[in-house]
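In what follows, chains are A, B, ... by sequence order, proteins preceding strands, each numbered from 1.
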2 protein chains.
Amino acid sequence: MTTSGAPADLLHLDKQICFSLSAASRAFNSVYRVLLKDLGLTYPQYLVMLVLWEHGELPVKAVGEHLRLDSGTLSPLLKRLEAAGLVRRERSARDERSVEVHLTEEGTALRERAQRVPQRIMAATGFELDELRDLHARLDRLTAALDAAARDTAALEETADCP
Amino acid sequence: MTTSGAPADLLHLDKQICFSLSAASRAFNSVYRVLLKDLGLTYPQYLVMLVLWEHGELPVKAVGEHLRLDSGTLSPLLKRLEAAGLVRRERSARDERSVEVHLTEEGTALRERAQRVPQRIMAATGFELDELRDLHARLDRLTAALDAAARDTAALEETADCP
DNA sequence: CGTCATTCAGTTGTGCACAATTCAGTTGTG
DNA sequence: CACAACTGAATTGTGCACAACTGAATGACG
């Protein structure tokens, strides 16, 4: 595949598609930011709280697996949640390497106030529930494919010239 | 609308949907990161270059409008592109407030090597062109709705209790 | 003509994402 | 038991997103 086989059109299309994903992500982020300001949470902090509300106490590692975030992102984020009084972090007794994240009473209580967030987000999207679910499914399929491609870096490196 | 009207299910669904968007965005980012390493570009830098390749020289302001990014993000990013020798920044003669971003020869030449990126991305997604276009359209519609909602913060603040 | 609001780029500060590294704790193997 | 390999969290450094602010240049209006 030579470069001349890929017209500028493709670059233009790429701009539209990759831009629309990052724009959508930032737009979502910005709407969540407004709604979450009341709760004193950022969007990633909200995601962490959702995981904890759903599963109760979890090791940092497990939180990271649910959200695909590593310790480099989670450690400072969890410290901020702890400083805000929403969680406690405690070294696990059975494995001293592991740190368990517990909800405080305040953290548990915040769930009540968070209940109204999703509906307001849905209202802001103007999408029907079905449509959101459909989008959700597509995005997950996309993510799975991209992850597979990223994991197999070598294959990705060669797609351009080794069929 | 009371909180008891919003069952925990909605929080669970919200987790799935908002998580899948941020996950998709990060997965895309990570695949682009691999492909763009060759070109010495990050993903946002690539977006800026796409805009410049398409439109030629532009004031910083215009670049920001194309990508919905503000000067706080663009100023340091453009400095890095300048340090890499891909663009020059020059105060506009006719309006000294404005800074025009020009492609250098090197920046223009990079376009050739960028041509192959979109196809490799598409291969990584495993999506057909039509499907990507469809996703693109949905995401844009979503972004437009979210932007409208965010812009009208007051309305958003009230959706929960003031019909 | 001078003042004042606006516009544009840049800076500062906070928070997130991620790669790379560090370090303590754990586990497997000889 | 000893030692190597691994694991989990934290730290460091780079870059992006965005809010809030600064400061210079412009333009409008009295």
**OP:** Would you mind reading off the distance between B:L81 atom CG and D:dG15 atom P, rounded to a whole angstrom?
**Re:** 11 Å
Subject >> Integer-rounded Å distance: D:dC18 C1' and A:F28 CZ >> reply: 19 Å
Original post:
At under 4.0 Å between heavy atoms, what does B:S71 touch on the DNA or RNA strands: base, sugar-phosphate, or nothing?
Top reply: base
Subject >> ring-ring contact (aromatic ring centres under 6.0 Å, His included) partners for A:H102, two or more places apart >> reply: none
**OP:** Rounded off to whole Å, could you give me the OH-to-P distance for the A:Y32 and C:dG15 pair?
**Re:** 21 Å
Subject >> Secondary-structure string, 5' to 3', Watson-Crick or G-U under 3.5 Å, | for another-strand partners, for DNA chain C >> reply: ||||||||||||||||||||||||||||||
Subject >> Atom-pair distance (NZ on A:K61; P on D:dA10), nearest Å >> reply: 13 Å
**OP:** Figure out the CG/C1' separation between B:L78 and D:dG15, and round it to whole Å.
**Re:** 14 Å
Subject >> Residues forming a side-chain hydrogen bond (donor to acceptor under 3.5 Å, both in side chains) with B:S20, sequence neighbours excluded >> reply: A:H136
Subject >> From CG (A:L78) to OG1 (A:T73), nearest 0.5 Å >> reply: 10.5 Å
Original post:
Which residue, A:P76 or B:T42, contacts DNA chain D at a nucleotide closer to its 5' end, judged by nearest heavy atom?
Top reply: A:P76
Subject >> DNA chain C: 5'-proximal contact among B:E65 and A:G72 (nearest heavy atom) >> reply: B:E65
Original post:
Of all the nucleotides listed (C:dG10, C:dC18, D:dA19), which has the minimum atom distance to the side chain of B:R33?
Top reply: C:dC18
Original post:
Among residues 88-101 of chain B, which contact DNA chain C at a heavy-atom distance under 4.0 Å?
Top reply: B:R89, B:R91, B:R97, B:S98, B:V99
Original post:
If you check the A:T73 side chain, which of C:dA17, C:dA9, D:dC18 turns out closest?
Top reply: C:dA17
Original post:
For B:K79, which contact category applies under a 4.0 Å heavy-atom criterion: base, sugar-phosphate, or nothing?
Top reply: sugar-phosphate
**OP:** Starting from P on C:dA17, measure out to CZ on B:F19 and report it in whole angstrom.
**Re:** 11 Å
Original post:
Listed by chain and number, what are the side chain to side chain contact (heavy atoms under 4.5 Å, CB included) partners of A:T125, not counting sequence neighbours?
Top reply: A:F28, A:I121, A:F127, A:L132, B:L142, B:L146
**OP:** Mind calculating the distance between CG (B:D70) and C1' (C:dT11) to the nearest angstrom?
**Re:** 12 Å
Original post:
With sequence neighbours left out, what residues match B:E82 under salt bridge (Lys or Arg N to Asp or Glu O under 4.0 Å)?
Top reply: B:R89
**OP:** Could you pull out all residues at least two apart from B:L129 that satisfy side chain to side chain contact (heavy atoms under 4.5 Å, CB included)?
**Re:** A:L13, B:M122, B:R133
**OP:** Could you pull out all residues at least two apart from A:A23 that satisfy side chain to side chain contact (heavy atoms under 4.5 Å, CB included)?
**Re:** A:F19, B:T143
**OP:** Would you please name every residue forming a salt bridge (Lys or Arg N to Asp or Glu O under 4.0 Å) with A:E65, sequence neighbours left out?
**Re:** A:K61
**OP:** Quick one: label A:L74 by what it contacts on the DNA or RNA (base, sugar-phosphate, nothing), any heavy atom closer than 4.0 Å.
**Re:** nothing
**OP:** For the pair A:Y32 and A:Y43, name the ring-plane relationship: parallel under 30°, tilted 30 to 60°, perpendicular over 60°.
**Re:** tilted
**OP:** Report the distance from atom NZ of B:K37 to atom P of D:dG15, rounded to the nearest whole Å.
**Re:** 15 Å
Subject >> Residues which pass salt bridge (Lys or Arg N to Asp or Glu O under 4.0 Å) with B:R33, listed by chain and number, not counting sequence neighbours >> reply: none
Subject >> Within residues 43-56 of chain B: residues closer than 4.0 Å to DNA chain D (heavy atoms) >> reply: B:P44, B:Q45
**OP:** Tell me, please, which residues at least two apart from B:E106 pass salt bridge (Lys or Arg N to Asp or Glu O under 4.0 Å).
**Re:** none
**OP:** Would you give the length of the straight line joining atom CD of B:E131 to atom CG of B:D134, rounded to the nearest 0.5 angstrom?
**Re:** 7.5 Å
